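A note on names: the letters A, B, ... follow the listed sequences, proteins ahead of strands, and every chain is numbered from 1. Bear in mind that the values here come from a model prediction, so they are computed numbers and not experimental data. Computation of the quantities below employed the complete heavy-atom set of this structure, encompassing side-chain atoms and omitting hydrogens, waters and symmetry-equivalent molecules.
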Amino acid sequence: MRHQLATFKLDDCLYGIDVARVQEALRMQAHTPVPHAPKGVAGLVNLRGQVVLLVDLRVRLGREGFGEDDDPMMMVVKVDGEPVSLLVDQVGDVLEIDGSRFGSPPPTLEPALRDFVTGVYQLDDELLLALDVDLAVQV
Amino acid sequence: MDAMDEIVREFVVESYENLDQLDSDLVALEGDAGSRSLLSSVFRTIHTIKGTSGFLGFGALEGVTHVGESLLAELRDGKREMTQRTTDVLLTMVDTVRELLRSIESTGAEGDLDTTAVVASIQAVLDGTDAPAPAAEEAPVEPEPVDAAPVDEAPTEKAKPAPVLPGKKAKAPLPAKPAEAPSAAAPEPAAAEPSAEEAPVRSATESSIRVDVEVLDALMRHVGELVLARNAMTSIAADIDDPALVHATQRLALIATELQQGVMKTRMQPIDNVWSKVPRMVRDISASLGRQVRLDMIGKETELDRGVLEAIKDPLTHLIRNAIDHGIEAPEQRVAAGKPEQGVLTLRAFHQGGQVVIEIADDGKGIDPQAIAAKAVERGLRSAADVADLAPQDVFQLLFLPGFSTAEKVTHVSGRGVGMDVVKTKVDAIGGVVDVTSAVGVGTTWRLRIPLTLAIMPALTVECASETYAIPQINLLELLAIDDKQSGVEYVGEAPVFRLRGRLLPLVDLRDVLGRTPRESLVGAVIAVMHADGGRFGLLVDHVRNTEEIVAKPIAAAVKGIGLYAGATLLGDGSVTLILDIPAVARRALELQEAIGDDRDVVATSTGETEQMLIVSVGEDRQVAMPMGAVTRLERFPMDVLERVSGSLVMQYRERITPVVDLAQVLGLGSTFREELAVVVCQRGDRSVALVADEVVDIVECAIADRSEVSGYGLLGSIIVRGRVTELLDLEATVRDADSAFYDVQDAELVGAGSEH
């Protein structure tokens, strides 16, 4: 079984999302902040007439959130049929990986990440963390 | 057709459709005489027409369908076999019905059509006295295609409808049509209609079509998108100074507006669609409760979006039931109170400022604020101390609390403990506002203000800390700018208030509510006077951008869950803007003030029930608190304004003799000399009472439940404010002592008086 994964970088880690869950990847757009929003909500963006929630994945993964000077990218994923936009450092290629390379996360993985990762793919030169999209967007 | 009532028009359209079905059913029946389901269908159709025509007062139509129904009932119940003769008379009946409908359609009345013959012929069949060779003036029953031009193949066994009608109208009877061409039947009557003066009038079936609501909803959504696109175009065109673009944009804007209005119109329905069921409901309820009620409905033609109409159905029903059950008294009580036996329930609907206002007014016993307060305490919704000082208008708000029911005993009509809170929730859900005014013995008026449509709403866009927010116009009363001198702004303690036409308006800073950087100066800020939850407050914003038509877009649960935003919309520049949920903002502001109250060492209770209190000092070291809501104005006057008239203290205030209560005396301190007085004015309608004290100290949020029960006359107990014992004034009793008629002023007068000053 070949797994197709859309990849992105966040703090030098490589993450992957099942390509079927990904709607598109875009450059960061002007967004509207939401006062009193739960942690991890970066705001709302206008995606071709649709108001879409912007989730700061760094905050969700227990890191310092994106700042004014950062130039993140938006990875738009489908959750329950509705688009949600994830803020990531850099969107990467779509990789096709053999299912046999999939395994449980190594014990060395930091605990903050562990909850959000369903498992890892062992690539030739690095690890690809499989992101639990549904959990990641649950702000 | 303009003269024709909407309801009659609908009846005609519906009946034509049903008759088409009936024709095919009757024909099918000849082939399958025993079919129970076919007979039932035919029976239902005739039954419906009979019922409606009786309701609408079309006697001849009712008469014809009545005998027809009797005959059909026997057929359906198997008491009679379907024979050619019965088919004949039934088809004759159908034709007569058609003829009558045509007359109703074109003239609004049944006309002078003679239906006795057809009634007699059906009756004859029913009675079994039907002679094989009936009299010639009765409906001929044998197929006689004299001048009735059959348009179908006319199977030989099928009876030709008899030309039952004399004169020129006789050429109109329609033969039963085969099932495959039912729609052709409807336009034909119009063609046959001889009255030349009504030639341009299209028949009801031609001029209206039935459209799936889904289609209209989708259309409305697209128009919403178009409105947003137009806003964007307008915004872009304003930046690019190109005459051609500006021209094109203006035309687009115009067309979009017209289209929007047009599509909205397709979804508009007169409120009568809901009201039409009210007379029956009122009749039934009043009968079961032994009330006599006359129903007046004003503004039946007022149109609302069908979505809105659907949403107000339940609240309206509830309010009407409530008005009869709890409002209008039993006849003997009314007579005893010097009123006519028959109570009057008035429904009124009208458009006002892009909104629809619906009033449900009764001339019943009114709502007694004290009974409400007592009930709230009994139900454990509020403490006795809580309600003691509430202004009547605030007391009425208790009615909207979940679990409140004022029924002395629970009846099947209302008072199941699910009451006004449900009304409020439903009205809130569509962005509407509900409030109530009432005077004991005179009556109660419930007022719903609801948006014209749910899809597109007018809104005000405002700026706060460089961010833009939208405020629904329905919550907005007026806009005020704060000038360089900050005229009108007063601070009582640290809380800013605005003196608006003599009333103190509490100010809520949107920056504080949204947790943005605090405002450095009030100068230049704009006060948006908001109306929410039956109260008003001034929302401070940096400045006002625009008024815009906005389309509320669904937002993620995470944002909705914050409870401050009603939704989001897109502005002309494509940016997302949050729509403020004004009642929620008001509640959030109250929580904030509570937090500030904590800083000031005001004892807060675990229940979080607090009230804004005005604190004044009296004598050397006494403090008195009274509910801020009941205070109209704060003034300062020299001591010598006080005069004594026949033992009572009065002062001339705004060209009236106003009774004065010296709080020093209420506290048992005796009169002391003071150079200047702090005067607290309570006003209701044109009556006012002045309370004098030494100084105004502060306005604080107080936890009411924390009062001690130690109290003297005119006092409710004491509370601790900033570490000091403060006596809580029984304001109502004190004011009533000074002016016994003070609380008799009606709310209607009160409202009028409020806007005068």
Heavy-atom neighbours of [X] [atom1] exceed 12 at 6.0 Å:
{"X": "A:Asp98", "atom1": "CG", "value": "yes"}
{"X": "B:Asp241", "atom1": "CG", "value": "no"}
{"X": "B:Arg251", "atom1": "CZ", "value": "no"}
{"X": "A:Asp69", "atom1": "CG", "value": "no"}
{"X": "A:Glu110", "atom1": "CD", "value": "yes"}
{"X": "B:His222", "atom1": "NE2", "value": "no"}
{"X": "B:Asp239", "atom1": "CG", "value": "yes"}

ask   = Just one of A:Val51, A:Val34, A:Val139 clears the side chain to side chain contact (heavy atoms under 4.5 Å, CB included) bar with B:Val559, so which one?
value =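 The single option meeting the side chain to side chain contact (heavy atoms under 4.5 Å, CB included) with B:Val559 is A:Val34.
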message = Is A:Val137 in contact with chain B via its backbone, its side chain, both, or neither, using a 4.5 Å heavy-atom distance?
response =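 No part of it gets close to chain B.
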request  = Sort A:Ala30 into side chain, backbone, both or neither according to what part of it lies under 4.5 angstrom from a heavy atom of chain B.
outcome  =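 Neither the backbone nor the side chain of A:Ala30 comes within 4.5 Å of chain B.
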query = Looking at A:Pro38, A:Pro35, A:Gly40, which one has more heavy-atom pairs under 4.5 Å with chain B than the rest?
reply = A:Pro35
inquiry  = Please identify, among A:Asn46, A:Leu53, A:Val52, the residue contributing the most non-hydrogen atom pairs under 4.5 Å to chain B.
reply    = A:Asn46
What pair of heavy atoms forms the shortest contact from [X] to [Y], and how long is it?
{"X": "B:Ala558", "Y": "A:Val41", "answer": "CB-CG2, 4.4 Å"}
{"X": "A:His36", "Y": "B:Leu564", "answer": "CD2-CD1, 3.5 Å"}
{"X": "A:Pro33", "Y": "B:Glu467", "answer": "CG-OE2, 3.4 Å"}

inquiry  = So does B:Val576 get a backbone contact from the side chain of A:His31, meaning a donor-acceptor N/O pair under 3.5 Å?
reply    =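 Flag not set: sc A:His31 to bb B:Val576 has no pair under 3.5 Å.
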query = Got B:Thr577 and A:Thr32 here, is their nearest side-chain heavy-atom distance under 4.5 Å?
reply = no
